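Worksheet for the structure shown next.
Keep in mind it's a predicted model, so treat the numbers as computed, not measured.
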Amino acid sequence: MAYSRNLFLLAVASLAIVQMAMSGDPDILTDFVLPTNLTNVDGNFFTFTGMRVLLGAPLPPTFKVLKASLAEFPALYGQSVSYAVLLYPAGSVNPVHTHPRSAELLFLAEGALEVGFVDTTNKLFTQTLQSGDLFVFPKGLVHFQYNADAKVPALAFSAFGSANAGTVSLPNTLFNTSIDDNVLALSFKTDLTTIQKLKAGLAPKK
């Protein structure tokens with residue numbers, strides 16, 4: 001009986017692992033998917049106008065990203081694609097983060113960027129990008145972009161192989177949630193005072 005139960009649990013666990021490995025955007029059986037409250041659409045449904053705010057707008061004072069993902073653009077459901085425009089004022093950084101559901105293909109349109117990612121062996125891959133360059137950040141790996149120029153801004157466009165790539169910001173995830181300070185101090189081999197200073201520096205401005 002115990003042997004049969006163990007086989008059953010092993011089969012369930014194996015199925016769960018396969019499902020996790022295959023997880024991603026849904027494979028739809030129609031050309032596109034309409035929200036339940038819509039029955040008839042025209043070209044407007046497939047048009048995203050959220051990037052118009054960029055035209056003629058002043059450069060933001062800090063790093064800014066505008067997204068066209070499933071949350072902002074429902075027509076992307078099942079299409080396995082999304083997009084972002086990234087604005088880097090001089091000396092700004094897109095903090096270390098990951099995209100758990102997609103790789104990111106970044107195209108640098110203006111300026112220069114220091115970029116990099118860390119693989120699962122803790123090897124750091126970096127590059128200095130010039131205008132016109134492309135760089136790929138593999139799916140799920142920790143990465144960053146930094147405009148090291150003290151005077152010239154940078155502009156980049158990112159494409160994702162998921163309508164909902166997700167973004168996990170490591171500074172916010174670690175220091176702006178309710179993870180116990182003792183756990184963080186032990187993990188980073190530091191003291192509670194240092195952890196509390198980091199948390200204070202990352203707290204939302206009121």
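Side-chain rings of F144 and F137 stay apart, their centers remaining 6.0 Å or farther from each other. Taking the six-membered ring wherever Trp is involved, the centroid distance between the rings of F32 and F46 falls below 6.0 Å.
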Practice prompt. Take Q145 and V93 through the side-chain contact (heavy atoms from CB on, under 4.5 Å) test and state the conclusion after the steps.
Written response: CA-CA 6 Å; Q145 301 113 28; V93 65; over 6 Å; no

Worksheet item: Does the pair T39 and L34 meet the rule for a side-chain contact (heavy atoms from CB on, under 4.5 Å), with working shown?
Response: CA-CA 7 Å; T39 55; L34 296 179; 5.9 Å; no

Item to complete: Tell me, with the steps shown, if E72 and S69 meet side chain to side chain donor-acceptor pair (under 3.5 Å).
Response: CA-CA 5 Å; E72 299 83 15; S69 65; 2.5 Å; yes

Fill in: Working for side-chain contact (heavy atoms from CB on, under 4.5 Å), residues T98 and L141
CA-CA 6 Å; T98 69; L141 297 185; over 6 Å; no

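By the side-chain hydrogen bond (donor to acceptor under 3.5 Å, both in side chains) test, N147 is found to be paired with no residue, residues two or more places apart in sequence or in another chain being considered. A search for ring-ring contact (aromatic ring centres under 6.0 Å, His included) contacts involving Y146 returns nothing, not counting sequence neighbours.
By the neighbour-count criterion of 12 heavy atoms within 6.0 Å, atom CG of D180 is densely surrounded, having more than that number from other residues, nucleotides or ligands. Counting heavy-atom neighbours within 6.0 Å of L29 CG, excluding the residue itself, gives a total of 12 or less.
Here the OH-CZ distance, from Y83 to F160, works out to 10.5 Å after rounding to the nearest 0.5 Å. Note that the CG atom of D191 and the CG atom of L184 stand 12.5 Å from one another [nearest 0.5 Å].
With N172 contributing its side chain and S169 its backbone, the two residues share no donor-acceptor pair below 3.5 Å. Formation of a donor-acceptor pair under 3.5 Å by the N164 side chain with backbone atoms of L70 is not found in this model. Without hydrogens or angle criteria, S102 side chain to A165 main chain gives no donor-acceptor distance under 3.5 Å.
In the hydrophobic clustering of ILVMFWY residues, with side-chain heavy atoms under 4.5 Å counting as a link, V142 and F125 come out apart. Hydrophobic clustering (side-chain heavy atoms under 4.5 Å, transitive across Ile, Leu, Val, Met, Phe, Trp, Tyr) groups F73 together with L66. L54 and L86 sit in two unconnected hydrophobic clusters of ILVMFWY residues. Membership requires side-chain heavy atoms under 4.5 Å apart, directly or through other members.
When side chains are defined from C-beta on, P171 counts as touching P95, because their heavy atoms get closer than 4.5 Å. Taking 4.5 Å as the limit, every side-chain heavy atom of V65 sits out of range of all side-chain heavy atoms of N94. Side-chain contact between L87 and F63 is absent, with no heavy atoms from C-beta onward closer than 4.5 Å.
No option in T194, T177, D181, N176 other than D181 meets the side-chain contact (heavy atoms from CB on, under 4.5 Å) test with K199.
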Under 3.5 Å, which donor-acceptor pairs do the side chains of residues 104-120 form with other protein atoms, sequence neighbours left out?
{"residue": "E104", "atom": "OE1", "partner": "H99", "partner atom": "NE2", "Å": "3.1"}
{"residue": "E104", "atom": "OE1", "partner": "H143", "partner atom": "NE2", "Å": "3.0"}
{"residue": "E104", "atom": "OE2", "partner": "S158", "partner atom": "OG", "Å": "2.5"}
{"residue": "E114", "atom": "OE1", "partner": "T128", "partner atom": "OG1", "Å": "2.9"}
{"residue": "E114", "atom": "OE2", "partner": "T128", "partner atom": "OG1", "Å": "3.1"}
{"residue": "D119", "atom": "OD1", "partner": "T121", "partner atom": "N", "Å": "2.9"}
{"residue": "D119", "atom": "OD1", "partner": "T121", "partner atom": "OG1", "Å": "2.7"}
{"residue": "D119", "atom": "OD1", "partner": "N122", "partner atom": "N", "Å": "3.2"}
{"residue": "D119", "atom": "OD1", "partner": "K123", "partner atom": "N", "Å": "2.9"}
{"residue": "D119", "atom": "OD2", "partner": "T121", "partner atom": "OG1", "Å": "3.3"}

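For R101 and D25, the salt-bridge test fails: no basic side-chain N is under 4.0 Å from an acidic carboxylate O.
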